[in-house]
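Residue numbers start from 1 in every chain, and the chains themselves are labelled A, B, ... in the order their sequence lines are given, proteins ahead of strands.
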Amino acid sequence: MPKALDAIAALRGKWSGVTDRASLDQPAINVPAADLLAVLGFLKQEQGFDMLADVSGIDWSPGVSPRFTVVYHLLSTTDHEYVRVAVDCPSDTLPEVPSAVGLWQGANWHEREAFDMFGIRFSGHPDLRRILMWDGYPHFPLRKDFPLAGVDTLLPDLEVVAETKTNAIAAPMAGGPFVAASGGINMTNAEPRAKDESWNERRPKPGS
Amino acid sequence: MVSANSELTYDSKIEGDVIVTRADAVINWIRSNSMWPMPMGLACCAIELMAVAASRFDIARFGAEVMRFSPKQSDCMIVSGTVTYKMSSAVRRIYDQMAEPKWVIAMGACASTGGMYRSYAVLQGVDRILPVDVYVSGCPPRPEALLDALVKLQEKVKRERSFSKLNTA
């Protein structure tokens, strides 16, 4: 029996809130936010999942509840097995989960990125600042209600704004995004121009 | 009575050592043939920029081999790569720190227009914050394309009013 399935069976006995999560590859579980640190600590210290490979976020889109999910990918460097741990954020408006920095120092920047892109707060994080966008950027770009092209925003340096009279603008999409849809739908709906987000005289600029 | 100034009139002793020209032509000739670049390497175009400086393409043939990483010592900023909004203030600040006269080459699609990054995070062309003299197409451009841009910039510099502009200013 693979190590990861052993570990999940052991988890089940200790925390009743742990449930299986649909997955196409490695074993995956859902964990309530209240049990998150205990479960991650158990997987690290008792089950040998000693490396935190990734922390990422999901926005299931506005109106869906729970809206935000945080996903942890753990790797056992001795057994070469992965396990995926997902936790739904209890609040849809102020998503917050406990920080895993106490268990893995490497969680620090991953959590900062999830905070930067999704606005998910990690309680107990030692330095929860934006990591990719600049400090003071007012949006969370990977949320589903944020347009790919962006919205008009002040540049980080107000002196540059005063000098150049320019802003961070909604990018002209020029027929993009050039990504075809997957699945067995007809080609007219699947090809990139069906999702044209460009703006011109007839169609207003997004966010304006 | 006005006496003739022998210093400024024809003197057979220095014949052959004197060239008469316009100050603009001399100044522009000097400026265009020792253009010290400020390598603003931000993405993969910077790799091509390094190739331009290396032996195979050898930008030294055009007098622009002295890449200076200090804005105080450079004449021509080569913006090579994707300018994110977060980086844009640093790019503008370094440009402001360069001493006049100064020029800008926008190298590649990203620096010129934002390129393939139609995104919330990328400045849609460095000409939104800097005055660009020469744009280079390509993703990334061939090293020859950057050499061509440098030659075009030199031609532009040679057409400028440099000394006469100082007089009128």
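- Contacts with chain B (heavy atom to heavy atom, under 4.5 Å) involve these residues of residues 123-142 of chain A, listed by number: A:Ile131, A:Leu132, A:Met133, A:Trp134, A:Tyr137, A:Pro141, A:Leu142.
- Between A:Leu155 and B:Tyr85, the closest side-chain pair of non-hydrogen atoms falls below 4.5 Å.
- Taking CD1 of A:Ile169 as the start and CD of B:Gln124 as the end, the distance is 5.5 Å to the nearest 0.5 Å.
- Within 6.0 Å of atom CZ in A:Phe146, more than 12 heavy atoms from other residues, nucleotides or ligands are found, so the atom counts as buried in its surroundings.
- Scanning residues 24-37 of chain A against chain B with a 4.5 Å heavy-atom cutoff picks out nothing at all.
- How far OG1 of A:Thr164 is from CZ of B:Arg128: 8.0 Å, rounded to the nearest 0.5 Å.
- Between atom CD1 of residue B:Ile129 and atom CD of residue A:Glu163 there is a gap of 11.0 Å, rounded to the nearest 0.5 Å.
- The CG atom of B:Leu123 sits 11.0 Å away from atom CG of A:Asn167, with the distance rounded to the nearest 0.5 Å.
- Distance check, rounded to the nearest 0.5 Å: CZ of B:Arg92 to CD of A:Glu159 gives 10.5 Å.
- Heavy-atom neighbours of chain B within the stretch residues 51-58 of chain A, taken at a separation under 4.5 angstrom, are nonexistent.
- Counting non-hydrogen atoms of neighbouring residues, nucleotides and ligands closer than 6.0 angstrom, the CZ atom of B:Arg56 reaches no more than 12 such neighbours.
- Residue A:Tyr82 places its OH atom among 12 or fewer non-hydrogen atoms of other residues, nucleotides or ligands, all under 6.0 Å distant.
- The number of heavy-atom neighbours closer than 6.0 Å to CD of A:Gln105, taken from other residues, nucleotides and ligands shown, is 12 or below.
- Taking all atoms of both residues into account, the shortest heavy-atom contact from B:Ser119 to A:Ala171 is N-CB, 3.5 Å.
- For residues 20-73 of chain A, the set of pairs meeting the ring pair (Phe, Tyr, Trp, His ring centres under 6.0 Å) definition, not counting sequence neighbours, comprises A:Trp15-A:Phe42.
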